[in-house]
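What follows is a short report on a single structure.
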Amino acid sequence: MEIKSSNSLESSVYKDALALRKEVFVMEQGVSLELEIVGEKGPLYFTGYLAEIPVATARVFEEAPGVWHVQRVAVKKAHRGQGLARELLTSIEASAREHKINTLTLGAQDQAQTFYKKLGYQVVGEGFMDAGIAHHRMDKELLS
């Protein structure tokens, strides 16, 4: 998978990310488009491509010095179970290290906790609801 990143809302990387998120979160999971597009300006967008087709995406922003908040992790339905989300998150970790980021944090849907635990994330605190879906905060400390 080829992974590209951009922080421009005018970029094809962002536009492909948004189209994929609409497919996964809005159409599949019933999240309102209004909620899905909150906070679009500012994050760094990552989109993974197979044969020029966007199949995986996530966005990150620096929540605090040395901490990246990972959001909107999504994989096209037909491409799930192929390790693409793992590959995308590994790429984000590499980018985080280049930017001197020590910690990744995210709000994982409860059904995805096992996946994130396999990648080294740990549940932190109590659960919460986001867009009507149960989530837990999960953190991963990056080793240099």
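Note that the coordinates shown come from a computational prediction; the quantities given were computed from them, not determined experimentally. All residue numbers refer to positions in the sequence shown, counting from 1. Reckoned from all heavy atoms, side chains included, excluding hydrogens, waters and symmetry mates.
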* Asked: How are the rings of Tyr14 and Tyr45 set to each other: parallel, tilted or perpendicular (split at 30° and 60°)?
  -> perpendicular
* Can you say whether the rings of His135 and Phe128 are parallel (under 30°), tilted (30 to 60°) or perpendicular (over 60°)? -> parallel
In Å and rounded to the nearest 0.5 Å, what is the [atom1] to [atom2] distance from [X] to [Y]?
| X | Y | atom1 | atom2 | value |
| --- | --- | --- | --- | --- |
| Ile3 | Ile92 | CD1 | CD1 | 7.5 Å |
| Thr57 | Lys76 | OG1 | NZ | 11.5 Å |
| Asp130 | His136 | CG | NE2 | 13.5 Å |
| Glu141 | Tyr121 | CD | OH | 10.5 Å |
| Arg137 | Gln122 | CZ | CD | 11.5 Å |
| Leu106 | Asp139 | CG | CG | 7.5 Å |

Non-hydrogen side-chain atoms of [X] and [Y] separated by less than 4.5 Å:
| X | Y | value |
| --- | --- | --- |
| Val67 | Thr105 | yes |
| Glu40 | Arg59 | yes |
| Val24 | Val75 | no |
| Gln71 | His69 | yes |
| Phe46 | Ser6 | no |
| Met129 | Ile133 | no |
| Phe25 | Leu33 | no |

Minimum heavy-atom distance [X]-[Y], with the two atoms named:
| X | Y | answer |
| --- | --- | --- |
| Ile101 | Thr103 | CG2-O, 3.3 Å |
| Pro43 | Phe61 | CA-CB, 4.2 Å |
| Lys4 | Tyr49 | CD-CE1, 3.8 Å |
| Phe115 | Arg86 | CZ-N, 3.8 Å |
| Glu93 | Leu119 | OE2-O, 4.4 Å |
| Met1 | Leu88 | CE-N, 4.0 Å |

Shared ILVMFWY cluster between [X] and [Y], side chains joined below 4.5 angstrom?
| X | Y | result |
| --- | --- | --- |
| Leu20 | Leu18 | no |
| Leu44 | Leu89 | yes |
| Val60 | Leu84 | yes |
| Val123 | Leu142 | yes |

* Are there more than 12 heavy atoms of other residues, nucleotides or ligands under 6.0 Å from atom CD of Gln111? -> yes
* Without hydrogens or angle criteria, can the side chains of Glu87 and Gln82 be said to hold a donor-acceptor pair below 3.5 Å? -> no
* Side chains of Thr47 and Asp16: donor-acceptor distance under 3.5 Å anywhere? -> no
* To do: Please answer whether the main-chain N or O of Gly66 pairs with a side-chain N or O of Glu62 as donor and acceptor at a distance below 3.5 Å.
  => yes
* Asked: Which residues satisfy the salt bridge (charged side-chain N to carboxylate O under 4.0 Å, His left out) test with Arg80, sequence neighbours excluded?
  -> Glu28
* Considering only NZ, NE, NH1 and NH2 on the basic side and carboxylate oxygens on the acidic side, decide whether Glu36 and Lys22 come within less than 4.0 Å. => no
* **Stepwise side chain to side chain contact (heavy atoms under 4.5 Å, CB included) check, His99 with Trp68** => CA-CA 10 Å; His99 287 87; Trp68 269 5; 3.8 Å; yes
